Each structure stands twice: as C-alpha cells, then as structure tokens.
Asker: 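Have a look at the structure that comes next, please.
Being a predicted model, the structure only gives us computed values, none of them experimental.
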Amino acid sequence: MNPWEGLLYGLELVFTPELLLAAFIGAAAGTAIGVLPGLGPVAGAALILPLTFTLPPAAGLIMIAGVYAGSMYGGSTTSVLMNMPGEAASVVTAIDGYEMTRQGRAGPALSIMAVGSFIAGTVAIILVTLMSPLLSNVALLFGSAEYLALTLGGLLVLARVSGGSPASGFFPMVLGVLLGTVGVEGVTGIFRYTFGIQQLALGFSLVPVAIGLYGIAEIFMLIEDPDRAAKVKSVKLRELMPSREEWRRAWAPWGRGSLLGFFFGLLPGPSATLSSFSAYRLEKAVSKNRDQIGKGAVEGVAGPEAANNAAAVGSLVPLLSLGLPFSATFALMLAAMVVQGIQPGPLLIEQRPDIFWSLIASMYVANVMLLILNLPMVGLWVSVLRIPKSMLMPGIIVIAVLGAYSTRFSMLDVYVLMVLGAAGYMLRKLDFALASMIVGLVLGPFIEKHFREGMFLSRGDLSYFFDSGIALAFYAVAVVVMLGGPIWNLLRKRLIGDEAEKVKLEVED
Amino acid sequence: MSGQSPADTAPTTRKALDSKRKGRLVAGGIGLLLGLWYTWYTWSNVPMGTQDRPGAGVFPLAVGIALIAASLFVIGEALLTDKVTGDVAFPRGERLRTVLLMTGSLVLFVAFYQFLGQYIAASLFMVAALSLLGSRSFLRNVVYGIAIGVGISAFFMELLGVRLPEGLLGPTGIIGGLFL
C-alpha cells in the first residue's frame with residue numbers, strides 16, 4: 001500500500017458514525033478544556049484518557065487526537081478574544097489577535113485562525129503521510145545503540161529546551177525516570193521498589209501522574225486565584241467573515257507557518273510553542289506588512305496559528321514511526337495505544353495498517369470537525385468561561401479522581417494522583433518544567449531496555465553504543481543543545497525574538 | 001567612583017535569595033535526600049549483575065546518581081545564579097482558607113471513596129466544594145451538588161460503563177443491600 005492509498009484507507013475507516021462521534025466528542029471536550037486558562041492539551045488528554053479505554057482502539061485514539069487539536073484551538077480563541085492564552089502555544093497569537101479584537105475584527109481573527117489551522121493540518125497530514133513510511137523503513141535499521149542515543153538524547157534535549165533554566169528541566173526529568181523504575185523489572189522479573197505493595201508491581205501509571213501534575217495542580221491554582229476569569233467579548237456569526245484584503249494577506253503566512261511548524265514537530269521538545277514563536281518571528285522578518293505586526297496584523301495571527309497546528313501533527317511522525325513520544329501529550333497517546341494492545345514503532349505500519357492510517361486520518365478529521373463546529377459555535381465555547389468556577393472546578397476534580405481510579409481500578413492510582421497533584425502544585429510555583437517529568441516517566445523504561453539489550457549484545461562492551469554514526473550524531477546534537485547555552489540563547493533569540501521574554505517555555509504541548 | 005566593594009555586594013546577594021530561590025533550595029535538598037536514599041537502597045538491595053549481563057540495579061543506580069547530580073545542580077543554581085528568581089505567591093487570608101478547606105474536602109473524598117461509592121462520595125464532595133467556592137444558599141448547594149455529582153457519576157458508570165466503586169449503593173453496601 002503506497003502512502004496515498006494508505007491515507008484513503010484511513011479516511012475510509014474513520015468515516016463511520018462511531019468514529020465521527022468520537023472525533024466530535026474529543027474536539028468538543030478539547031475545545032472546552034482549551035478555553036479554560038491553565039488547562040491545556042496535557043490536562044485534557046489525561047482527563048479523557050481513561051474514558052478511551054472503554055472504546056475500541058481507533059475510536060479512543062481519535063478522541064485523544066480531537067482533544068489535542070481542540071484544546072489548541074480553544075486556547076487560541078481566548079487568546080484572541082480576551083488576551084488570555086489558554087495554553088503556551090497560543091501566547092504569541094494574543095499579541096496581534098487581541099489587537100484585532102480591540103479594533104473590532106475579532107471575528108475575522110478567529111476565522112483566519114481556524115482556516116489557517118485547517119490548512120496547516122492538511123499540509124502537515126500530507127507530509128506525515130509521505131514521511132512516516134520512509135522513516136519507518138529507516139527505523140528498521142536501528143539497533144539498541146541508535147535507539148538508546150535517540151531516547152536518551154531526545155529526553156535530554158526536551159528537558160533542556162522545555163525548562164526555563166537548565167535545572168528546571170533536568171530535575172523533573174530525572175524524577176520522572178526514577179518513577180519509571182518502580183515495578184517488576186522486565187528482563188529478570190525482579191520486584192523493584194515495590195515494598196510489598198502488590199499494586200506497585202505494574203509500576204506507576206502515566207494517567208494519575210499526568211492528571212495530578214497538570215489537572216489537580218492547575219485546578220488548585222485556579223481556586224486560589226479567582227481573578228483569572230475575565231469578561232468575555234461575544235462574537236456574532238455574521239462578524240466572522242474576513243475581508244478580501246484579510247484573506248489575501250493570510251495565505252503566505254499560512255504556507256510559511258505550516259512548513260515551519262511541521263519541521264519543528266519532528267524535533268523533540270515543546271514544538272507547538274517553539275514553532276508559533278518562530279513563525280511570528282519569521283513574519284516579522286519577511287512579511288510585506290511587517291511594520292504592522294504587533295498592531296493587529298493578520299500575519300501575526302495566521303503564521304503562528306498555522307505553525308502550532310502543523311507542529312502538533314508533525315509530532316506524529318516520531319511517535320508512529322519510532323514509537324517514541326517527545327511531548328507530554330504524545331506520551332499519553334502512547335499510553336492509550338499500549339493499553340489498547342498497540343505498540344507504535346517501525347512495524348506498526350506493516351502489522352496494524354488500520355490503526356496507523358486511521359490515526360493519521362483522525363488528525364485530519366479532527367481538524368475538519370473543529371472547522372465545522374467551532375467557528376460557528378465560538379460563542380458557545382467562550383461561554384464555558386461563564387460557567388461558575390465553583391461548579392466547574394470541583395466537577396473536574398471528580399472526573400480526575402474517577403479517571404485515575406478507572407485506569408487500573410486501584411485506589412493506589414488515586415493516592416498517586418493526590419501526591420503528584422501536591423508535588424505538581426509546588427513544582428509549578430517554583431518554575432520547574434513538568435513536561436520533562438512525564439516524558440521521563442515514559443521514556444525511562446525505553447532507555448533502560450535499550451541500554452541492557454546493548455550490553456547483552458556487546459557482552460558488556462560500552463564502546464558498542466558509540467560505534468554507530470547515527471548514534472554519535474544524536475549524542476552530538478544533545479551535547480550541543482545542553483552545553484551550548486549561549487548558542488542556544490542566541491538561537492532562541494533569533495528564532496523566537498523578543499517575545500521569548502514574554503513567556504517561559506515551560507510548555508505542555 | 002566606580003564599582004562596588006565586596007562589602008556592598010554581599011548584602012545584595014543575600015537579599016536576592018528570594019522566596020523562589022529558597023523554595024528551590026528546599027526542593028533540591030529533598031531531591032538530594034531522595035537521591036542518596038534511592039542510590040543506597042539500589043546498591044544494597046537490587047542485583048547489579050555483571051558487566052556483560054547487567055542486573056536490574058544498574059540503570060536505577062545511574063538514575064540515583066543522576067538525581068543526586070540534578071539536585072546539586074538545583075541547589076547550586078538557586079544559590080549562585082539568578083536564573084530563576086521572584087516570590088512564590090501563596091494564597092493568604094480567605095483564599096488560603098478556601099484552598100486548605102478544598103484540600104481537606106478532597107482528602108475526605110478520596111478517603112471515603114470506596115466506602116461511600118462514586119455516587120455518594122462525588123455528590124457530598126460537590127456539595128462541600130460548592131459551599132466553599134460559591135455564595136449560594138445551602139439548599140441550592142445541596143441541590144446543585146447532588147445534581148452534578150450524580151450526573152457525572154451516571155455519565156461514566158451507566159452511559160460509558162466505567163467500573164467505579166459502588167460503596168453503600170452496591171450489592172454489599174448498606175443501602176444497596178436493602179433492595180436485593
């Protein structure tokens with residue numbers, strides 16, 4: 001099956017009432033979560049994850065894809081309407097988007113954002129369709145040394161890039177890897193750090209850890225700071241249409257943002273956020289109307305929004321072809337796949353083409369769903385913010401608790417949720433980057449597996465890990481990113497520009 | 001005149017150790033203790049194997065050492081640099097009271113979750129939370145709290161078929177047993 005046949009096959013599988021309903025529920029729940037300040041894609045995916053366990057594999061994964069795309073879109077909506085980004089990737093959209101709102105052009109800003117997200121999603125899906133099978137073929141050549149370099153190097157790069165300061169990323173990363181060592185050890189079957197607690201034999205489940213770190217911690221932040229709610233500006237349906245001039249100005253930034261975003265999506269790290277900042281910077285450098293950027297320019301909304309959506313889709317490439325998640329949301333998607341008995345990686349496309357292609361198609365369906373549903377219903381999504389917080393917050397807590405419990409029907413997971421909620425609250429207050437902790441928990445066992453496999457294969461010869469040119473290249477990149485602080489700062493400044501100062505890149509895409 | 005004497009700069013450095021840096025010192029300290037204990041426990045309890053057949057303890061040992069290093073890094077960064085500074089804004093007064101009472105309600109919700117069951121525990125938690133966070137009358141809080149608690153529980157248990165604790169309403173519970 002060539003990539004195009006595969007994509008058509010995936011679309012054919014996805015266009016069933018059941019899967020469309022799953023995409024609809026995911027997109028709707030994701031948007032509702034995205035418009036709430038603080039609750040972003042990770043909290044959304046973590047809260048919805050237990051629900052997906054009761055569904056067939058394709059429906060579950062489509063629902064999570066919908067949540068991801070929906071929460072990004074919801075975050076951008078509040079950026080434009082209220083200057084209140086729902087998540088980090090939308091921060092830069094607020095600059096020109098909110099300025100457009102102040103000039104009475106909120107509707108067109110939302111339309112440009114939504115259409116741009118759709119176009120970027122389409123471009124990225126085409127690129128994923130073409131690249132994933134190719135990369136899967138390359139990945140088949142990987143041995144333990146290459147996988148170890150990729151997972152270890154990728155994790156270190158993620159920790160360095162996502163934390164504000166070096167320690168802010170590395171410390172939670174190591175804690176995450178440490179949590180991943182608890183439970184029955186895979187090779188020899190030894191119980192590690194279980195202290196006689198039977199339920200710990202399976203280790204820490206990702207769901208309560210992610211819901212605790214992102215969901216519970218953030219809800220308590222909202223409870224202690226009621227002022228984060230804001231007056232909502234309503235937008236009428238007839239005000240949504242951009243002018244001909246606005247359409248014309250949006251095309252080029254959409255194209256540039258899509259390609260840039262996709263490229264960022266392939267890299268480990270907070271790709272959606274980094275790409276949105278870079279796209280903004282790019283527009284400031286090359287746009288014909290660059291002097292207007294920052295003052296309500298269409299380009300300042302179109303470029304970043306296209307970029308963050310393309311990056312979100314681009315991140316599917318390493319997940320599907322290598323089986324490695326390099327963001328917290330995709331770590332959750334990996335967990336959902338594993339629970340459903342699917343092991344992503346180079347063999348997925350051969351062994352489960354239905355899952356592989358329906359997942360790619362589902363990202364596309366989620367994009368279409370958002371375009372059809374969210375734009376006309378923008379008023380409804382914004383009205384989520386009008387629901388009294390006194391009802392919304394405890395309601396989410398109840399869902400978090402039952403979600404943690406239902407993962408393995410174990411109270412231990414609920415206790416883990418509470419402890420990690422408290423830890424997440426404190427670590428957030430102290431500016432630590434939590435994404436690296438979640439990815440560390442997921443990638444830690446991979447790192448150990450490839451390390452031990454390599455040691456067995458090479459009969460204890462450590463030089464085996466450095467014999468491969470590919471592995472050396474991965475390590476070299478990791479070392480450059482980690483040690484090249486001044487280079488990184490310079491690069492970040494060049495890529496992202498002065499807006500870098502407006503947000504810490506402690507992000508959760 | 002240019003430059004400052006060491007005597008001038010010393011108080012500035014001390015003053016710069018704000019609450020966020022102090023908090024990170026504490027976090028680094030806790031991480032260090034955890035790392036030391038974890039490394040010691042791994043070394044003494046988990047098999048290390050041989051070089052060509054590494055045991056279950058080799059990777060955790062490296063993780064323990066990495067945690068010690070990362071914790072020292074956090075401590076060093078907090079003490080010697082101003083990369084992360086600022087005040088940790090904890091709630092005060094009425095807001096602190098609300099946060100603490102919500103925490104208490106959540107702890108009670110979890111503590112009695114299995115005994116009371118999803119429906120009753122969620123409803124009671126919702127009533128308590130609405131009373132703490134909202135300004136409605138007690139009767140309204142009870143009505144809304146039960147409606148939301150029962151609504152969420154029914155959605156997951158009846159509609160989606162998620163297996164959650166039935167507690168008092170289950171076949172072995174005091175209330176559920178009456179109807180068998």
Side-chain angles (χ1 to χ4, degrees), chain A residues 50-51 53-55 164-168 170-171 173-175 177-178 180-181 185 187-188 190 192-193 216 220 223-226 388-391 393-395 397-399 401-402 405-406 409 411 414-415 417-418 421-422 426-427 429-432 444 447-448 451-452 455-456 458-461, chain B residues 20 23-24 27-28 31 38 41 46-47 50-56 58-60 63-64 66-67 70-71 73-74 76-77 81 83-84 86 88-91 95-96 98-99 102-103 106-107 109-110 113-114 118 122 125-126 129-130 133-134 144 148-149 152-153 156 160-165:
Chain A
L51 199 153
F53 297 159
T54 60
L55 302 172
S165 70
S168 302
F170 291 129
F171 183 65
M173 176 200 81
V174 182
L175 285 176
V177 176
L178 186 145
T181 62
E185 190 269 333
V187 180
T188 53
I190 285 174
R192 289 191 307 205
Y193 320 107
I216 296 288
F220 271 84
I223 288 171
E224 77 173 39
D225 184 11
K389 263 204 292 186
S390 59
M391 292 183 181
M393 298 303 138
I397 291 177
V398 169
I399 294 173
V401 170
L402 72 84
Y405 180 86
S406 65
F409 308 110
M411 278 309 286
V414 182
Y415 303 142
L417 170 90
M418 300 278 283
M426 291 309 298
L427 290 172
K429 289 268 181 192
L430 297 172
D431 286 351
F432 285 102
I447 295 171
E448 179 173 16
F451 169 70
R452 291 183 69 188
M455 291 297 275
F456 285 142
S458 66
R459 295 178 182 273
D461 181 7
Chain B
K20 198 165 278 179
R24 286 170 72 96
Y38 180 87
Y41 182 88
V46 191
T50 57
Q51 176 141 3
D52 57 340
R53 299 193 71 79
V58 174
F59 181 73
V63 174
L67 181 58
S71 304
F73 195 15
V74 171
E77 199 179 79
T81 76
K83 282 182 191 290
V84 182
V88 184
F90 283 112
R95 287 184 186 179
L96 176 63
T98 309
V99 170
M102 275 300 291
T103 309
L106 178 56
V107 170
F109 173 34
V110 168
Y113 187 55
Q114 276 190 308
Q118 170 66 32
F125 172 72
M126 284 304 303
L130 289 179
L133 300 175
Y144 290 167
I148 298 171
I152 292 174
S153 308
F156 280 90
L160 298 174
V162 178
R163 215 153 40 89
L164 295 170

Asker: Nearest 0.5 Å, please: how far is CZ in A:Arg459 from CD in B:Gln51?
Answerer: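 Reported to 0.5 Å precision, the distance equals 13.0 Å.
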Asker: Counting only non-hydrogen atoms closer than 4.5 Å, does B:Val74 touch chain A with its backbone (N, CA, C, O), its side chain (CB onward), both, or neither?
Answerer: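 The answer is both parts of B:Val74.
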Asker: Under a 4.5 Å cutoff for heavy-atom pairs, which residue among B:Ile152, B:Thr50, B:Thr81 has the most contacts with chain A?
Answerer: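 Between B:Ile152, B:Thr50, B:Thr81, the count favours B:Ile152.
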Asker: Tell me the closest heavy-atom pair linking B:Leu164 and A:Ser406, and the distance in Å.
Answerer: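 Where B:Leu164 meets A:Ser406 most closely, the heavy atoms are CD2-CB, 4.1 Å.
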Asker: Do the side chains of A:Ile397 and B:Met102 get nearer than 4.5 Å, heavy atoms only?
Answerer: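 A side-chain contact exists here, since the closest heavy-atom pair is under 4.5 Å.
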Asker: Which one, A:Val177, A:Ile399, A:Val401, A:Leu175, leads in non-hydrogen pairs under 4.5 Å with chain B?
Answerer: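 Among the listed options, the one with the most contacts to chain B is A:Val401.
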Asker: Where do A:Phe220 and B:Val99 come nearest, in terms of heavy atoms and distance?
Answerer: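 Looking at all heavy atoms of both residues, the shortest contact is CE2-O, 3.9 Å.
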Asker: Any side-chain heavy-atom pair from A:Tyr193 and B:Pro60 closer than 4.5 angstrom?
Answerer: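 Answer yes - side chains close enough.
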Asker: For A:Met418, is it the side chain, the backbone, both, or neither that has a heavy atom closer than 4.5 Å to a heavy atom of chain B?
Answerer: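 The side chain, not the backbone.
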Asker: Against chain A, work out which of B:Ser153, B:Gly55, B:Gly134, B:Gly86 has the most heavy-atom pairs shorter than 4.5 Å and name it.
Answerer: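 Of the options given, most contacts go to B:Gly55.
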Asker: Non-hydrogen atoms of chain A under 4.5 Å away: do they reach the side chain of B:Phe73, the backbone, both or neither?
Answerer: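 Looking at B:Phe73, backbone and side chain both touch chain A.
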Asker: For A:Met411, is it the side chain, the backbone, both, or neither that has a heavy atom closer than 4.5 Å to a heavy atom of chain B?
Answerer: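 Side chain only.
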Asker: Please rank B:Ala70, B:Pro91, B:Ala56 by heavy-atom pairs under 4.5 Å with chain A and give me the top one.
Answerer: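 The candidate making the most pairs under 4.5 Å is B:Ala56.
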Asker: Between the side chain of A:Glu448 and the main-chain N/O of B:Phe59, is any donor-acceptor distance below 3.5 Å?
Answerer: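 Checked: no pair found.
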Asker: Contact between A:Val398 and B:Gln118 at the side-chain level, heavy atoms closer than 4.5 Å - yes or no?
Answerer: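 In contact.
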Asker: Does any non-hydrogen side-chain atom of B:Lys83 lie less than 4.5 Å from one of A:Ser168?
Answerer: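 No - every pair of side-chain heavy atoms lies 4.5 Å or more apart.
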Asker: Looking only at heavy atoms and a cut-off of under 4.5 Å, which of B:Pro54, B:Ala122, B:Gly76, B:Gly149 has the most pairs with chain A?
Answerer: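 Most pairs with chain A among the choices: B:Pro54.
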Asker: Evaluate A:Leu417 against B:Val110 for side chain to side chain contact (heavy atoms under 4.5 Å, CB included), listing each step before the verdict.
Answerer: CA-CA 10 Å; A:Leu417 170 90; B:Val110 168; 5.9 Å; no
Asker: Please report the shortest heavy-atom distance between A:Ser390 and B:Leu130, naming the atom on each side.
Answerer: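 Result for this residue pair: O-CD2, 3.0 Å.
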Asker: Under the criterion side chain to side chain contact (heavy atoms under 4.5 Å, CB included), I'd like the reasoning laid out for A:Glu224 against B:Thr98: C-alpha separation, chi angles, the key distance, then a yes or no.
Answerer: CA-CA 8 Å; A:Glu224 77 173 39; B:Thr98 309; over 6 Å; no
Asker: What part of A:Phe451 is in contact with chain B, defined as an atom under 4.5 angstrom from a non-hydrogen atom: side chain, backbone, both or neither?
Answerer: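 Contact with chain B involves the side chain of A:Phe451 alone.
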Asker: Can you tell me which portion of B:Val107 sits under 4.5 Å from chain A's heavy atoms? Options are side chain, backbone, both or neither.
Answerer: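 Looking at B:Val107, backbone and side chain both touch chain A.
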Asker: Any idea which of A:Val414, A:Leu178, A:Thr188, A:Ile190 has the most non-hydrogen atom pairs under 4.5 angstrom with chain B?
Answerer: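 Looking at each option in turn, the highest pair count goes to A:Leu178.
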Asker: Look up atom CE in A:Met173 and atom CG in B:Leu67, then write down how far apart they are to the nearest 0.5 Å.
Answerer: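 The CE atom of A:Met173 sits 10.0 Å away from the CG atom of B:Leu67.
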Asker: More than 12 foreign heavy atoms under 6.0 Å from NZ of A:Lys429: is that the case here?
Answerer: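 Atom NZ in A:Lys429 is crowded, with more than 12 foreign heavy atoms closer than 6.0 Å.
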Asker: Parallel, tilted or perpendicular: which one describes the rings of A:Tyr405 and B:Tyr113, with boundaries at 30° and 60°?
Answerer: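 Aromatic pair A:Tyr405/B:Tyr113 classed perpendicular.
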Asker: Between B:Arg24 and A:Ser165, does the side chain to side chain contact (heavy atoms under 4.5 Å, CB included) criterion hold? Intermediate values first, please.
Answerer: CA-CA 12 Å; B:Arg24 286 170 72 96; A:Ser165 70; 3.4 Å; yes
Asker: Is B:Leu96 close to chain A through its backbone or its side chain, or both, or neither, when contacts mean heavy atoms under 4.5 Å?
Answerer: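 It is neither, since no heavy atom gets under 4.5 Å.
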Asker: What part of B:Val84 gets closer than 4.5 Å to chain A, counting heavy atoms only: side chain, backbone, both or neither?
Answerer: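 The side chain, not the backbone.
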Asker: Measuring heavy-atom distances to chain A, does B:Phe109 have an atom under 4.5 Å in its side chain, in its backbone, in both, or in neither?
Answerer: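 It is the side chain, since no backbone atom gets that close.
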Asker: Under 4.5 Å, counting heavy-atom pairs only, tell me which of A:Tyr415, A:Phe456, A:Phe170 racks up the most with chain B.
Answerer: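 So the answer, after comparing A:Tyr415, A:Phe456, A:Phe170, is A:Phe456.
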Asker: Would you check if A:Met426 and B:Val88 make a side-chain contact, meaning some heavy-atom pair closer than 4.5 Å?
Answerer: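 SC-SC contact between A:Met426 and B:Val88 ruled out.
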Asker: Checking B:Ile148 against chain A: side chain, backbone, both or neither under 4.5 Å from a heavy atom?
Answerer: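 Just the side chain, heavy atoms under 4.5 Å.
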Asker: Any heavy-atom pair between the side chains of B:Pro165 and A:Phe409 that's under 4.5 Å?
Answerer: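 SC-SC contact between A:Phe409 and B:Pro165 ruled out.
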Asker: Tell me, for A:Arg192 versus chain B, whether the close heavy atoms (under 4.5 Å) come from the side chain, the backbone, both or neither.
Answerer: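 A:Arg192 touches chain B through side-chain heavy atoms alone.
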Asker: Of all the heavy-atom pairs spanning A:Pro394 and B:Leu133, show the shortest one and how long it is.
Answerer: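 Smallest heavy-atom distance, with atoms named: CD-CD1, 3.9 Å.
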Asker: With only heavy atoms counted, which part of B:Thr103 is less than 4.5 Å from chain A, the side chain, the backbone, both or neither?
Answerer: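 Both parts, heavy atoms under 4.5 Å.
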